[in-house]
Amino acid sequence: MREITYRQALNEALAEEMDRDPSVFLMGEDIAIYGGAYGVTAGLMQRFGEERVRDTAISEAAIIGAGLGAAITGLRPVVEIMYVDFMGICLEQVNNQVAKIRYMFGGKTRVPLVIRTEGGAGRTLGAHHSQSLEAWFLHIPGLKVVMPSTPADAKGLLKSAIREENPILFIEHKMLYNTKGPVPEGEYLVPIGRAEVKRPGRDVTIVAHSRMLLFALEAAERLAGEGIEAEVIDPRTLLPLDIETIAASVRRTHRAVLVEEGTRTGGTGAEIGLQIMEHCFDYLDAPIRRIAGADVPMPKSPVLEKLTIPDPDRIYREVRELLA
Amino acid sequence: MNPTAIPDRVRLSIYRTMLLIRRVEERLCALYPDQEIKCPIHLYIGQEAVAAGVCARLRKSDYLVSNHRSHGHYLAKGGGLREFFAELYGRRTGCSGGWGGSMHLADPELGLLGSSAIVAGGIPIAVGAALAARMEGRGRVAAVFFGDGAADEGVFYESLNFAALRKLPVVFVCENNFYATNSRQSARQPLDNIYRRGRIFGIPGFRLDGNDAAAVYAAAGRAVERARRGRGPTLLECRTYRWKQHVGYQEDWEGGCRPARELSCWKKRCPLERFGRRLRRSGLLTPARERALTAEIDRRIEAARAAARREPSADTIECDGGD
């Protein structure tokens, strides 16, 4: 199979859906002429025109609100918020308007809106451009939160997101844009709300999303060299969470390790861990272990940044510890 | 605008809309103490000319975004009475299925996209609807109602900028009733100039007597036409006054936030009375016709209310919203 980057995969998804459905259009800061801060929308304005690939002012609340207004009046907007760190400026629109409108008006309104953004550390961008804020959004019913970790998932999930009737927060990772992976030629979709076992194993279940999935796979490879077979699961969608796939794995391995880049307190691990408890408490042979970002604002220095987020070595060591 | 320049049919229709809003809300005031309506109500009494005047210029296919003080906007755009009462009673048959209540009325079929109870929250949504209308190219227009308090929010300015840049077909209607909850405008804003705040983006703005339905109708007509012809947004500041508390069915001058004399002055400028007087003067409304009209409206209100009250309560949180 051909290999393309995560960035190219996303770009293909946008182009294919825009080709397929004239109601799909894109809007965001620097996405048209410049092609997006990370180049995801490169070439699309040239191909589809300025009406369908729109640059906006630095007005996150207006971008989300206008996207929502267009979504409930017949279009399928894909809006981009350049960094997930900027979501604070438009959280009112996301939380009170986008996520609630379909419910608040008794289900009469469809909200086919995709909010694309990216997060994560790795480029020493400091506290305002490196956060992993996905856990915030798990507390917003009415929203779906999607976080692809591979190019193939990125493409298939984005295409599904654009076809959804509910609002999707689609969080990419800045350190994944240049990663390459096999992506099928031609049309395919990856369903929203479905986790995937990325590496089968019998000794421990590691749940990791976004960039941490890559780190978990690296750790699993090293563990395999020592006879420890870790099963690695990528939830892919955090809300709604496919707890069934995760629980089925834990019932076989009896141990769960949850990896996330975001800060530990109130993180995704807190939620996934408790759901595991609810679903398979009797199967657990060890306490559930969380490996997460430190509870500090992201430091800028490359040394400090590395200390703040999990890495493959730490996952390897912690899994070994758990199995010891 | 000289009120006699407005076609008789339209003048009567505006009057009827104002009267409907007034009678519905007066009925709510009487019903509220029964505690069968279990949601906060933000009454529109005193401001009827704004909704009636603006909506008389909108087509059914045009979009409207409202706010927490939503009854007048909903009714003026043609929202169903029975669905209205059913929503306030928390019935399954309410316009929002019992999920919304007084602050969240919607009917997408009538272009009523919804009302936001977050101050200024609906403004960018109207801009987005206008963007979709522009891309659709059929001349639809979006109107959004908000108060003077919303002009204190940042997203108001983001939305003005967004709409002006793309010359979107949206009419920003600020109902300046001089109070944001209980804080008067002069305590919040250094200058009394909301209508001018679009000018920095090139948006024409007009200050009007929001208690004069003819003036609102005239200004809204120009703004809607301008939007429909692709010339861009307009900002209307309609100066008006709410007679009741910020929330609730009583008057609130006792609380000390505003003087009783202020309220009595504004009551003398009652929009319904003023417009009615003109209709009477021009012979469009006779005392007998007025009585008949009021009686007919009251009958409709009572029939809708009674029917809504008998309807089944909303009883499931399985919303059509979940997939």
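All values below come from the heavy atoms of this structure, side chains included, with hydrogens, waters and symmetry mates left out. Residue numbering restarts at 1 for every chain, and letters A, B, ... go by the order of the sequence lines.
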Per-residue contact mode, B/L105 against chain A (heavy atom under 4.5 angstrom): backbone
Reported CD1-to-CD1 distance for the pair A/I72 and B/I125, which is rounded to 0.5 angstrom: 6.0 Å
Solution key, residues 167-175 of chain B side-chain donor-acceptor pairs under 3.5 Å, sequence neighbours excluded:
{"from": "B/E175", "atom 1": "OE1", "to": "B/Y44", "atom 2": "OH", "distance (Å)": "2.7"}
{"from": "B/E175", "atom 1": "OE1", "to": "B/Q47", "atom 2": "NE2", "distance (Å)": "3.2"}
{"from": "B/E175", "atom 1": "OE2", "to": "B/H73", "atom 2": "NE2", "distance (Å)": "2.6"}

Any donor-acceptor pair under 3.5 Å linking the side chain of A/Q93 with the backbone of B/G121? yes
Using a 4.5 Å heavy-atom cutoff, which residues in residues 80-100 of chain B come close to chain A? B/C95, B/S96, B/G97, B/W99, B/G100
Most heavy-atom pairs under 4.5 Å with chain B, out of A/G193, A/P141, A/G142, A/S59, belong to A/S59
Which of the residues B/A163, B/P108, B/A126, B/A117 is involved in the greatest number of heavy-atom pairs with chain A at under 4.5 angstrom? B/P108
Closest non-hydrogen atom pair between A/T73 and B/A132, with its separation: OG1-CB, 3.0 Å
Need one label for A/Q97: side chain, backbone, both or neither, based on atoms under 4.5 Å from any heavy atom in chain B. side chain
Interface check, chain A: of B/V127, B/I118, B/N161, most non-hydrogen pairs under 4.5 Å belong to B/I118
Could you pull out every donor-acceptor pair under 3.5 Å between side chains of residues 23-37 of chain A and any protein atom, sequence neighbours left out?
{"from": "A/S23", "atom 1": "OG", "to": "A/D21", "atom 2": "OD1", "distance (Å)": "2.7"}
{"from": "A/S23", "atom 1": "OG", "to": "A/D21", "atom 2": "OD2", "distance (Å)": "3.2"}

What distance separates A/K108 NZ from B/L113 CG, expressed to the nearest 0.5 Å? 12.0 Å
So which residue, A/G69, A/A57, A/A62, ends up with the most heavy-atom pairs under 4.5 Å with chain B? A/G69
Contact listing (chain A partner; residues 134-160 of chain B; heavy atom under 4.5 Å): B/M135, B/V155, B/E158, B/S159
Kindly compute the distance separating NZ (A/K100) from OG (B/S116), expressed to the nearest 0.5 Å. 11.0 Å
